[in-house]
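Worksheet: the structure to be examined is printed underneath.
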Protein chains: 6
Amino acid sequence: MGTEEHRRKAKRVFRFAVITVSDSASRREREDESGDVIEERLKSLGNTCVYRSVVPDDKLRILKALAEAFEAGAEIVVTTGGTGVTSRDVTVEAVRPLFDKELAGFGDVFRLMSYEEVGTAAILTGATAGVIRSGGRAMVVFCLPGSPNAVRTGLRIIEREAGHVLKHAGE
Amino acid sequence: MGTEEHRRKAKRVFRFAVITVSDSASRREREDESGDVIEERLKSLGNTCVYRSVVPDDKLRILKALAEAFEAGAEIVVTTGGTGVTSRDVTVEAVRPLFDKELAGFGDVFRLMSYEEVGTAAILTGATAGVIRSGGRAMVVFCLPGSPNAVRTGLRIIEREAGHVLKHAGE
Amino acid sequence: MGTEEHRRKAKRVFRFAVITVSDSASRREREDESGDVIEERLKSLGNTCVYRSVVPDDKLRILKALAEAFEAGAEIVVTTGGTGVTSRDVTVEAVRPLFDKELAGFGDVFRLMSYEEVGTAAILTGATAGVIRSGGRAMVVFCLPGSPNAVRTGLRIIEREAGHVLKHAGE
Amino acid sequence: MGTEEHRRKAKRVFRFAVITVSDSASRREREDESGDVIEERLKSLGNTCVYRSVVPDDKLRILKALAEAFEAGAEIVVTTGGTGVTSRDVTVEAVRPLFDKELAGFGDVFRLMSYEEVGTAAILTGATAGVIRSGGRAMVVFCLPGSPNAVRTGLRIIEREAGHVLKHAGE
Amino acid sequence: MGTEEHRRKAKRVFRFAVITVSDSASRREREDESGDVIEERLKSLGNTCVYRSVVPDDKLRILKALAEAFEAGAEIVVTTGGTGVTSRDVTVEAVRPLFDKELAGFGDVFRLMSYEEVGTAAILTGATAGVIRSGGRAMVVFCLPGSPNAVRTGLRIIEREAGHVLKHAGE
Amino acid sequence: MGTEEHRRKAKRVFRFAVITVSDSASRREREDESGDVIEERLKSLGNTCVYRSVVPDDKLRILKALAEAFEAGAEIVVTTGGTGVTSRDVTVEAVRPLFDKELAGFGDVFRLMSYEEVGTAAILTGATAGVIRSGGRAMVVFCLPGSPNAVRTGLRIIEREAGHVLKHAGE
């Protein structure tokens with residue numbers, strides 16, 4: 001069975017959550033443009049948003065939001081922000097230990113596409129994804145950078161592959 | 001300055017949280033005796049309980065409770081349960097990645113005291129402690145086994161040393 | 001339910017394997033006295049030896065023996081040797097990554113009992129234990145040092161607690 | 001000395017092993033097409049197959065096969081299968097702890113080539129490689145996905161670079 | 001704010017150090033061509049070289065050189081050599097544990113550019129980068145392979161992005 | 001061969017280094033009493049001090065001192081300070097990644113002896129030891145707390161076992 005066929009057979013719509021990680025957005029000093037981009041795009045494809053929140057760059061707050069997303073029934077979680085190299089950036093460090101399985105390939109493909117768009121600046125692009133299994137359910141988490149452009153790049157992968165990943169993650 | 005003097009100078013009372021990790025207690029199939037023992041003992045020493053909850057053996061639920069304890073202002077968190085060797089036991093695996101500094105010595109001393117009490121059965125005794133720093137505050141988490149007897153052993157350490165640890169953790 | 005009661009209810013007899021890790025014993029340059037001590041003692045308590053081998057200090061050979069012990073139906077595996085500080089010692093490094101759950105308490109209690117027997121020389125005593133789950137079964141592995149005396153100390157723990165650990169490991 | 005010159009000077013033929021990791025193939029419910037592709041291609045280039053086996057998705061069985069491949073004198077091992085995101089996939093988790101040196105670059109280049117072939121679906125592509133040193137010998141292990149197409153992509157790297165890697169791994 | 005704008009605003013010149021890791025160069029058996037390439041290129045862009053040394057493939061010597069570079073005021077350190085797969089190569093293993101934040105993206109982009117240049121031989125290309133924070137300062141370390149060609153590839157990234165990374169690393 | 005016999009046969013005298021890790025002592029705001037205790041005691045037993053320094057709580061400075069101790073020919077290094085739970089304490093974090101083999105038993109025995117002396121306050125006692133191999137030589141590093149009392153406890157172990165450990169570490 002080829003990749004294309006696989007994808008067609010994969011579940012098409014899913015329940016998703018959006019978590020924006022940003023000190024300034026959590027203080028409402030700026031709009032959550034990236035969160036909006038994610039929610040609108042995934043909804044426009046027929047998926048249902050079951051949870052959304054904006055949290056500061058803090059591990060405990062990020063993990064609490066992840067737990068709430070899971071309780072809300074999210075199958076896919078997209079986080080945006082907190083993946084850079086400043087000392088405040090802790091999203092990947094918070095989420096990674098919860099992965100039962102990390103999709104090392106997501107970061108690679110994301111960086112490859114970023115490189116095509118921004119060149120060597122892609123070295124600053126942090127991104128990862130992984131599967132969290134709990135209580136007989138699987139939730140796939142994608143961690144994207146904070147900028148709307150990076151989010152759009154990430155969505156080009158997620159909108160094509162999320163159902164595909166979800167299908168395997170549940171096995 | 002000797003150890004005894006150090007302890008006398010350490011802050012005496014603190015705000016604490018109790019998190020019971022147990023599938024059966026979270027379904028209210030049994031009383032949360034161990035949680036009661038912790039709350040009563042620490043309160044009787046003048047400390048204030050700011051948060052208490054019972055959660056199932058699930059990493060996300062444990063982490064959410066930890067975040068809520070932090071938001072409630074807890075300086076000390078005592079968890080009970082989920083430290084054994086069954087496949088359901090995940091407390092230490094959930095909490096440890098959040099430690100900015102693990103107190104390897106807590107597990108050692110706890111096991112030593114357990115050995116004096118239950119002999120070789122102490123090999124099954126899981127326990128650890130560590131410091132979580134966030135937003136300029138430090139929270140010290142002690143993870144104890146689920147049995148009331150093990151909890152009493154752990155409290156003999158915590159009631160003597162928590163203030164001491166807290167003082168250093170904040171530095 | 002107290003510890004003693006727990007132990008009485010725990011399964012009493014089990015199928016076990018003995019793996020001796022030693023370059024010289026694997027070349028038959030010396031007797032496998034420690035292996036004999038383990039086999040005889042556990043058999044005398046009614047347990048059944050389903051696998052025994054002597055392998056050199058080599059990770060792949062140790063792991064192969066572990067796989068064969070599992071295939072032979074072993075519920076408990078006791079290894080002896082390869083836990084020291086020379087560059088040849090690799091038993092713990094080979095076995096640990098396979099643990100679904102490590103019993104940190106075993107090493108602690110073992111060292112405590114060693115300290116009572118040999119004093120500060122116990123710092124050179126490497127020992128650990130853990131649970132490997134595969135195909136719906138659980139196998140508990142105890143890694144002991146190579147000397148017959150250390151093995152006797154380890155057996156004092158194993159003969160009392162192995163059934164106890166096995167019961168929980170299978171849950 | 002340029003890369004091309006390096007490769008020309010690198011040892012050309014080698015002894016290899018093929019390990020297929022698949023529950024269904026190990027129960028003979030399906031042909032081991034991917035294993036056949038690897039064996040035939042590497043043989044057609046003059047290399048010698050010294051070991052081949054099909055094992056289920058089980059860490060101990062995978063490691064035992066690796067040990068047998070080493071004993072059979074394999075210099076290069078190619079595994080296929082068990083690198084995905086289902087809970088059964090454990091090949092990388094089993095093999096990685098044995099690497100004395102991981103070739104992080106293999107996964108990257110493999111993903112890059114997969115991306116050129118299947119686009120964003122490459123995020124699901126798990127692959128790695130590493131060197132295991134034992135008893136004065138070095139064995140290089142390449143872990144590929146289970147599909148024949150992915151295997152063909154991996155072979156395009158292996159057939160060009162295996163000798164090159166082997167030469168350095170032995171230094 | 002776009003990537004290009006970001007880069008233009010980033011600090012342009014910096015103090016840098018060059019550390020060549022090579023047994024043969026440290027014994028003066030060959031010229032340190034790669035070190036020369038780095039120093040000349042970065043100087044030609046207006047940056048100041050504050051430290052340079054050649055050390056053997058030895059973790060302690062590499063770490064000592066890193067400490068000396070930091071004391072000399074280096075903001076950027078470029079190492080060359082010791083990133084391959086021979087048993088002597090230890091640069092990444094020595095430096096990585098000191099990273100407060102690793103730039104996973106650097107290795108990816110470096111490998112991508114190497115792949116464009118040398119094809120599948122890029123699998124042997126080790127490279128990473130990360131931020132070390134100490135005493136209120138941040139130092140960014142780039143670890144490149146030993147060959148002058150690989151160094152030139154790495155410099156194409158570093159000369160464009162170092163200021164950019166440095167700006168964020170200090171936040 | 002019994003433990004006592006082993007020890008008698010072990011090399012008796014050695015070249016040692018003392019590294020004091022302390023912000024205040026490095027600024028000469030207080031005497032380095034603990035460093036003096038170590039040097040005097042080990043010298044009084046016939047050993048030779050080949051290196052001594054006082055460094056601030058900084059990973060790079062600690063590692064540089066370790067490298068200098070190695071270059072000075074030290075076989076045994078004793079560090080004092082930086083093993084506590086404040087955010088400044090980084091000695092164990094700096095040194096541990098360099099261990100080819102950690103002596104987990106040293107921390108256990110040290111804590112056991114501390115418990116006998118200061119009771120439950122031993123939970124705050126950080127200590128570890130390990131072997132660093134480089135260039136055909138082995139160096140054993142013991143990391144002790146900063147207080148003179150804790151140092152005296154550690155020395156009771158080191159003066160009995162250092163030769164013993166050194167003998168095995170070199171094998």
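Per chain, numbering begins at 1; letters A, B, ... match sequence-line order. Please read these numbers as outputs of a predicted model, since none were measured by experiment.
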Any chance you could lay out the side chain to side chain contact (heavy atoms under 4.5 Å, CB included) test for D/L98 and C/L63, step after step, and finish with the verdict?
CA-CA 10 Å; D/L98 282 171; C/L63 291 168; 3.8 Å; yes
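Applying the 6.0 Å contact sphere to CD of D/E31 captures no more than 12 heavy atoms from other residues, nucleotides or ligands. Heavy-atom neighbours of C/R30 CZ from other residues, nucleotides or ligands within 6.0 Å: above the threshold of 12. Heavy-atom neighbours of C/R28 CZ from other residues, nucleotides or ligands within 6.0 Å: at or below the threshold of 12.
Contact count against chain C (heavy-atom pairs under 4.5 Å) is highest for D/S134 among D/S134, D/G135, D/A65, D/A94.
Using a 4.5 Å cut-off between heavy atoms, C/E71 touches chain D through its side chain atoms alone.
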Show me the side-chain donor-acceptor pairs of residues 139-148 of chain C shorter than 3.5 Å, one per line, residues at least two apart or across chains.
from	atom 1	to	atom 2	distance (Å)
C/S147	OG	C/A150	N	3.1

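Contacts between residues 37-60 of chain C and chain D, counted as heavy-atom pairs separated by less than 4.5 Å, involve C/D58, C/K59, C/L60.
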